Amino acid sequence: MNKNYYITTPIYYPSAKPHMGHAYSSIIADFFARLKRIQGFNVYFLTGTDEHGQKIQRAAEEKKMDPLLFCDEISKTFRDLSRTLNLSNNDFIRTTEKRHSKSVKNLWNILEKKGEIYLSKYSGWYSVSDEAFYTESEIEDLDGVKMSISSGSKVEWVEEESYFFRLSNWQDKLIEFYNKNPDFILPETRKNEVISFVKSGLKDLSVSRKSFNWGIKVPSNKDHVIYVWLDALTNYLSALNYPNENDNLYKSFWPADLHLIGKDILRFHAIYWPAFLLAADIEPPKRVFGHGWILSGDEKMSKSKGNILDPLEIIENYGLDPLRYYLIKEVSFGNDGNISQEKLESCINSDLANNYGNLCQRVLAFCDKNANLKVPDINNLTEDDKIILDQYSKYYDDLVKYSDNQDLNSYINFIVEQLFSANKYFNDQEPWKKKNDKLRMNTIIYVALELIRKVTILLYPIIPSSSLKVLNIFGINEEKINFETIKENNYLKKGLKLNKLDILFKKIEKK
RNA sequence: GGCGGGGUAGCUCAGUUGGUUAGAGCGCGGGACUCAUAAGCCCGAGGUCAGUGGUUCGAUCCCACUUCCCGCUACCA
């Protein structure tokens, strides 16, 4: 059985500072990376920055900066964000690195040698900011300025020699590939879009530019730089030391298990990328998941509307784990999600402080007062005890299935249910009325501690640092977290001295 | 214009391979308790499951049409 798992975020385009969308992609990817790790997988989790292209070149020129120095600066803000988000990434790749250009050139050479790339001429309306050509019908004239109708960005007439990738040859093979791999594109609705686009006919794709030079040079023709998307997508290979196919990383982790991306870059990942790879005789990734956008009050966040929720500000004010929890819980994964500060606060108070945090607190405090803060010796388990403890083994296979299907919402719904029932259990058993029945009281404490241990393991991928604080009371550190142990009902050994636990999540005072 | 997804409680969303009283969380009203971050637990109010028609013994779920929202895509200009 292959126990390796390779997951990637998009590499971010550093023309602007990080926003909530970047944070969301990264947090979700980190969730799956951590979840797979505690399930025993050897996980390779990659993120990074995409730094070539005309947009970057112009932005650097405006600041009178060397483009690489310009990228250094902004790439660093993304690297910092990874740390702020507590990402467990194994690598951070930049497309300006040598290992990357080597990899891209190699892929290019293979494609050229196989006749998949040819030199021709392109003319058309080009938008620098969109990095896309538009047909006459896709642009409009506003006061003498030509604009793209769809994106509203300025286009200019470009006529230049360009290399083309024979995408048109791959139409049928792509359809065949999608049919053979029905879960290659998720969610389903995105897959439908891609397939209908491919079926409507693919044109050869321009894969080089002569009009600027901030990029990787075409090996056989220094007048051209390689199209940013062919460049960028290859990062997923470069990080594994491609083209060294004998390298351990490459052998272990390619093809990628999951490219997690936003729906806006689906076409590149679900059409161009597998086409490039198939053409180069490289196995395509196993899955591309296009998640939705994070919206603020039903609208895309924008400066003019003043509804921007800046991830750094939110984290500063509320903490990282609450943001992670909120985004994972409240956004219906795959769909766009509306977020707001009010909802975040309500989520922190109800779910994290009152439900989970208080559960830990009440059980620990009770154990402290009545069992010297040690795992107590227990009596026989009652039916009630067993039923609640066994929920985890009962739904174990489902939980694994949710992990493999990126069914984030079912996964967290299970957790929330368990939190409610753990609180209910403690309530119904009324251990504070069992002063005359120490054994029963101890058993209730024991069961409650086990429940906290189990649910906290499930919570770890969502709120890693808070979960670790809780697992620490049992002496479980990050390396020891094992998903399978949620099936055990007697993991905690009697007499184990428990560590104290501070308040996990402070409630937000209502204004 | 074509294709796809969707319109379910005040809000955010589940769900139903068609079957007796349609679910959760939050919010709201009431109750009993006290180990706990005045947390937790119990009970309740609240929905013509977008509209109309059809198939069926029976439709929120299937079909047709209408309407609104979203995504992908085309054409005309």
Side-chain angles (χ1 to χ4, degrees), chain A residues 134-141 149-150 185-203 262-267 270-271 290-295 297-300 325-327 329-340 342-371 373 402 407-435 441 444-445 448-449 451-452 501-510:
Chain A
Y134 292 103
T135 61
E136 199 71 39
S137 65
E138 289 171 319
I139 62 166
E140 60 188 341
D141 200 310
I149 293 171
S150 53
I185 303 162
L186 286 183
E188 188 105 15
T189 161
R190 298 264 103 81
K191 173 172 130 181
N192 295 339
E193 284 172 16
V194 167
I195 290 180
S196 84
F197 180 83
V198 173
K199 280 188 173 161
S200 74
L202 296 176
K203 283 183 247 166
K263 62 181 183 182
D264 48 326
I265 52 174
L266 186 67
R267 187 189 298 178
I271 300 175
H291 66 67
W293 285 335
I294 300 302
L295 310 172
D298 265 338
E299 291 173 322
K300 245 191 132 164
Y325 182 90
Y326 175 62
L327 288 174
K329 159 106 185 299
E330 301 275 314
V331 175
S332 170
F333 190 50
N335 299 324
D336 292 352
N338 298 308
I339 62 169
S340 72
E342 290 71 30
K343 294 253 176 188
L344 170 64
E345 291 185 358
S346 143
C347 181
I348 291 171
N349 286 350
S350 339
D351 283 44
L352 294 175
N354 293 350
N355 202 348
Y356 177 58
N358 185 55
L359 171 71
C360 297
Q361 217 52 237
R362 70 194 294 203
V363 172
L364 258 282
F366 193 84
C367 179
D368 190 14
K369 283 179 193 156
N370 296 283
L373 206 57
Y402 302 153
D407 191 351
L408 209 48
N409 299 102
S410 297
Y411 179 89
I412 199 164
N413 284 344
F414 178 81
I415 293 177
V416 173
E417 273 172 33
Q418 295 313 308
L419 289 174
F420 280 113
S421 64
N423 268 312
K424 177 173 165 52
Y425 170 84
F426 209 63
N427 244 77
D428 292 352
Q429 298 299 325
E430 303 182 309
W432 48 89
K433 285 186 181 166
K434 301 285 191 292
K435 307 269 185 196
M441 183 197 272
I444 296 165
I445 295 172
L449 289 171
L451 292 176
I452 289 174
L501 182 66
D502 293 330
I503 295 288
L504 273 179
F505 301 99
K506 279 195 198 118
K507 292 187 70 166
I508 313 290
E509 296 293 332
K510 289 207 173 142

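No experiment lies behind these values; they were computed from the predicted model shown. Quick note on labels: first sequence line is chain A, next is B, and so on, each numbered from 1. What you see below is based on every heavy atom in this structure, not just the backbone, and it leaves out hydrogens, waters and symmetry mates.
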Donor-acceptor pair, side chain of A/N349 and main chain of A/K507, under 3.5 angstrom | no

Pairs of donor and acceptor atoms involving the side chains of residues 361-371 of chain A, under 3.5 Å and at least two apart or interchain, shall be tabulated with distances.
| residue | atom | partner | partner atom | Å |
| --- | --- | --- | --- | --- |
| A/R362 | NH1 | A/N423 | OD1 | 2.8 |
| A/R362 | NH2 | A/N427 | OD1 | 3.0 |
| A/D368 | OD2 | A/K500 | NZ | 3.3 |
| A/N370 | OD1 | A/K435 | NZ | 3.4 |
| A/N370 | ND2 | A/F366 | O | 3.0 |

Please check the phosphate of B/G40 (OP1 and OP2 only) for any side-chain N or O of A/K424 closer than 4.0 Å.
no

Considering only distance and modelled atom types, tabulate donor-acceptor pairs under 3.5 Å from the side chains of residues 195-202 of chain A, sequence neighbours left out.
| residue | atom | partner | partner atom | Å |
| --- | --- | --- | --- | --- |
| A/S196 | OG | A/E193 | O | 3.2 |
| A/S200 | OG | A/F197 | O | 2.7 |

(request) Mark yes or no for whether A/Y326, through its side chain, and A/S346, through its backbone, hold a donor-acceptor pair below 3.5 Å. (result) no

* Which part of the nucleic acid, if any, lies within reach of A/N335 when heavy atoms closer than 4.0 Å are counted: base, sugar-phosphate only, or nothing? -> sugar-phosphate

inquiry  = For the C1' atoms, the ones on B/G18 and on B/C33, what distance do you get once it is rounded to whole angstrom?
reply    = 44 Å

Q. When you look at A/D351 and A/Y356, which way does the side-chain contact (heavy atoms from CB on, under 4.5 Å) test go after all the steps?
A. CA-CA 6 Å; A/D351 283 44; A/Y356 177 58; over 6 Å; no

Separation of B/G15 atom P from A/F414 atom CZ, nearest Å, is 18 Å

*asked:* With a 4.5 Å cut-off on side-chain heavy atoms, are A/V416 and A/K329 touching?
replied: yes

From CD1 of A/I265 across to P of B/C72 the rounded distance in Å is 14 Å

To the nearest angstrom, the CG-C1' distance between A/L419 and B/A39 comes to 14 Å

Shortest non-hydrogen pair, A/P187 vs A/G290, comes out as CD-O, 3.3 Å

- request: Using the C1' atom as the reference point in each nucleotide, state the distance between B/C68 and B/U52 in Å, no decimals.
  value: 15 Å

In B/S/- notation (B base, S sugar-phosphate only, - none; protein heavy atoms under 4.0 Å), nucleotides 3-10 of chain B written 5' to 3' is -S------

Readout for nucleotides 29-37 of chain B: B = base within 4.0 Å of protein heavy atom, S = sugar-phosphate only, - = neither; 5' to 3' it is -----SBBB

Heavy-atom nearest pair, A/A448 first then A/Y425, reads N-CE2, 4.4 Å

- Query: Counting only heavy atoms not in A/K506, do more than 12 sit closer than 6.0 Å to its NZ atom?
  - Reply: no

In whole angstrom, give me the gap between the C1' atoms of B/C63 and B/U56. 12 Å

Heavy atoms of A/I185 and A/A270 approach each other most closely as CD1-CB, 3.7 Å

From CD of A/E417 across to C1' of B/G23 the rounded distance in Å is 11 Å

Protein-nucleotides 24-26 of chain B N/O pairs closer than 3.5 Å?
| residue | atom | partner | partner atom | Å |
| --- | --- | --- | --- | --- |
| B/C26 | O2' | A/S346 | OG | 3.3 |

The answer to which of A/S332 and A/S200 contacts RNA chain B further toward the 5' end, by nearest nucleotide, is A/S332

Can you tell me how far P in B/G44 sits from the matching atom in B/G25, rounded to whole Å? 13 Å

A/D336 CG to B/U12 C1', in whole Å, measures 14 Å

Has A/D336 got a side-chain atom pairing as donor or acceptor with A/W293's backbone, closer than 3.5 angstrom? yes

In short, A/G334 meets A/R190 closest at the heavy-atom pair O-NH1, 4.0 Å

Looking only at atom P, what distance separates B/C69 and B/U8, rounded to whole Å? 15 Å

- Task: Taking atom C1' in both B/C13 and B/G5, compute the distance separating them and give it to the nearest angstrom.
- Result: 16 Å

**Message:** Checking A/L344 against A/I339 for the side-chain contact (heavy atoms from CB on, under 4.5 Å) test, could you report, in this order, the C-alpha distance in whole Å, the side-chain angles of both residues, the deciding distance, and whether it holds?
**Reply:** CA-CA 7 Å; A/L344 170 64; A/I339 62 169; over 6 Å; no

Pairwise P distance, B/C61 and B/U55 [rounded to whole Å]:
15 Å

* Is there a donor-acceptor pair closer than 3.5 Å between any side-chain N or O of A/N409 and the backbone N or O of A/V331? -> yes

Heavy atoms of A/S410 and A/D407 approach each other most closely as OG-OD2, 2.8 Å

Writing each nucleotide of RNA chain B 5' to 3' as (, ), [, ], | or . by Watson-Crick or G-U pairing under 3.5 Å yields (((((((..((((.....[...)))).((((.........)))).....(((((..]....))))))))))))....

| field | B/U60 to B/G1 separation - P atoms, rounded to the nearest Å | value | 30 Å

